[in-house]
There are 2 protein chains.
Amino acid sequence: MNLAPTIQAFVLHFGEMGSRWGINRTVGQIYALLYVSPKPLCADEIVDGLGISRSNVSMSLRELQAWNLVILKHLPNDRRDFFTAPEDVWQIFRTLAEERRKREIDPTLSVLRELLMTDPKTEEESFAHTRLSQMHGLIEQVTNWYDDVKRLDTERLATLLSLGSKVTKLLDAKDRIVSIGRRRSQTGKS
Amino acid sequence: MNLAPTIQAFVLHFGEMGSRWGINRTVGQIYALLYVSPKPLCADEIVDGLGISRSNVSMSLRELQAWNLVILKHLPNDRRDFFTAPEDVWQIFRTLAEERRKREIDPTLSVLRELLMTDPKTEEESFAHTRLSQMHGLIEQVTNWYDDVKRLDTERLATLLSLGSKVTKLLDAKDRIVSIGRRRSQTGKS
DNA sequence: CTGTAATTTCAGAAATTTCTGAAAGTTCAG
DNA sequence: CTGAACTTTCAGAAATTTCTGAAATTACAG
């Protein structure tokens, strides 16, 4: 490894965190390296940068492509594959959310749906049934929200985030304003 | 293992998913079992239910306690430790979000802050610096939103979720209504 | 105290995941 | 075609994580 100290520290940290995240160390490191590189890198540059085997790089890049976290590029007059991380951090964030949902949420949702189809026979199963149903309800509510919000463009998403919990105040405010409007004009319309 | 088929399926699925989540299979299974049990279970009941070693149960319960996902109870005239999962799924959701944040986000945030303190020396480092700064900005924005929202009670949180992206429409609506109010009364006030 | 019922610890066995080197596959210029 | 430049595959080595049984520890009733 022969990287600037800051870059090296970032890459190593991402490798460590990778494990806490369910992606492995190498995958995390490669992603981090691509993320901070001003230009696309080819596999051998990654091998040099991280000091790992060529085959490991190949497999890890494959995984990153499956996650849609990395873009394959070709330079003119060069047969090699080059890779970059997408520019827009918000886009990366969305992609990550999307992929994690596919892998971590959807399978559970479908198992829950399946299990909820069967009628509970015993007292015990009946209790379990209501618990599964609660969990299903929660996950569905959260993913519906997510489906709804993910369609927003970055600017609106940022507005929504910066608003935070104030939206509930806004709700109250809306009601107040609307009712004032009504009182004044007698033609109120929500 | 001698559980009702539905319960068994749920427990096994949760075990599998556990691995995709960074908690291990046993921990996932124990949590699932407690979640669907109408009454607190003691360690030996879990051993019977899941067919795993007593010591594994002990260690896994320890981990679940560290995650705040399990509650230790004592029954009168019984020296054994009994465990349940919290009732309220929303509370569980919050706990999970909180713990994942502590483990998966905060360390990265602090590393990023640290690295951003140093001045970039080369062109390369300078590029990396802006990328780190972008990532830092995004994470901070998202966690600030989260900090803000997590204080809401369950009801308000549910409202906010069911509203989804409509909040942005609401924002527009507010502006419109306020301006109508102004036009009508000449005393508009946001 | 003593003995019993419980929990915890921990060394190392078992299982799983990650990583490597060697071989095979692909692509393309000449 | 041929062979050079590159990428992928994959068996098994290495590393890591999980799990177990045995021993140690704790708690407490008698």
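Below, chains carry the letters A, B, ... as their sequence lines are ordered, and counting in each starts from 1.
To the nearest 0.5 angstrom, A:Glu98 atom CD is 10.5 Å from A:Arg103 atom CZ.
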Output one line per pair: protein atom, nucleotide atom from nucleotides 21-23 of chain D, and distance, for all N/O pairs under 3.5 Å.
residue : atom : partner : partner atom : Å
D:dG21  : N7   : B:Ser55 : OG           : 3.3
D:dG21  : O6   : B:Ser55 : OG           : 2.7

Would you list the protein and nucleotides 28-30 of chain C atom pairs, both N or O, that sit under 3.5 Å from each other?
none

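Taking atom CG of B:Leu72 as the reference point, atom P of C:dA6 lies 15 Å away to the nearest angstrom. Rounded to a whole Å, the CZ atom of B:Phe82 is 15 Å from the P atom of C:dA5. At whole-Å resolution of the value, CG in B:Leu75 and C1' in C:dA6 are 14 Å apart.
Closest heavy-atom contact between B:Asp81 and B:His74: OD1-NE2, 2.8 Å. The minimum heavy-atom distance between B:Leu157 and B:Val149, with the atom names listed, is CD1-CG1, 3.6 Å. Minimum interatomic distance between A:Ala9 and B:Leu115 (heavy atoms only, all atoms of both residues): CB-CD2, 3.8 Å.
Residue B:Ser58 places no side-chain N or O under 4.0 Å from the OP1 or OP2 atom of C:dT9. For the OP1/OP2 pair of C:dC19 and a distance below 4.0 Å, the side-chain nitrogens and oxygens of A:Arg25 include at least one atom meeting the criterion. For A:Asn24, no side-chain nitrogen or oxygen approaches OP1 or OP2 of C:dT17 to under 4.0 Å.
For A:Asp81, taking side-chain heavy atoms from C-beta onward, the closest of the listed nucleotides D:dT7, C:dT7, C:dT20 is D:dT7.
Between A:Phe10 and A:Phe14, the ring-plane angle classifies as tilted under the 30° and 60° cut-offs.
Residue contacts for A:Ser19: at a heavy-atom cut-off of 4.0 Å it reaches no nucleic acid atom on any strand shown.
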Evaluation steps, salt bridge (charged side-chain N to carboxylate O under 4.0 Å, His left out), between A:Arg100 and A:Glu104: CA-CA 5 Å; A:Arg100 294 196 83 164; A:Glu104 299 180 2; 3.2 Å; yes
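When side chains are defined from C-beta on, B:Phe82 does not count as touching B:Leu34, because their heavy atoms never get closer than 4.5 Å.
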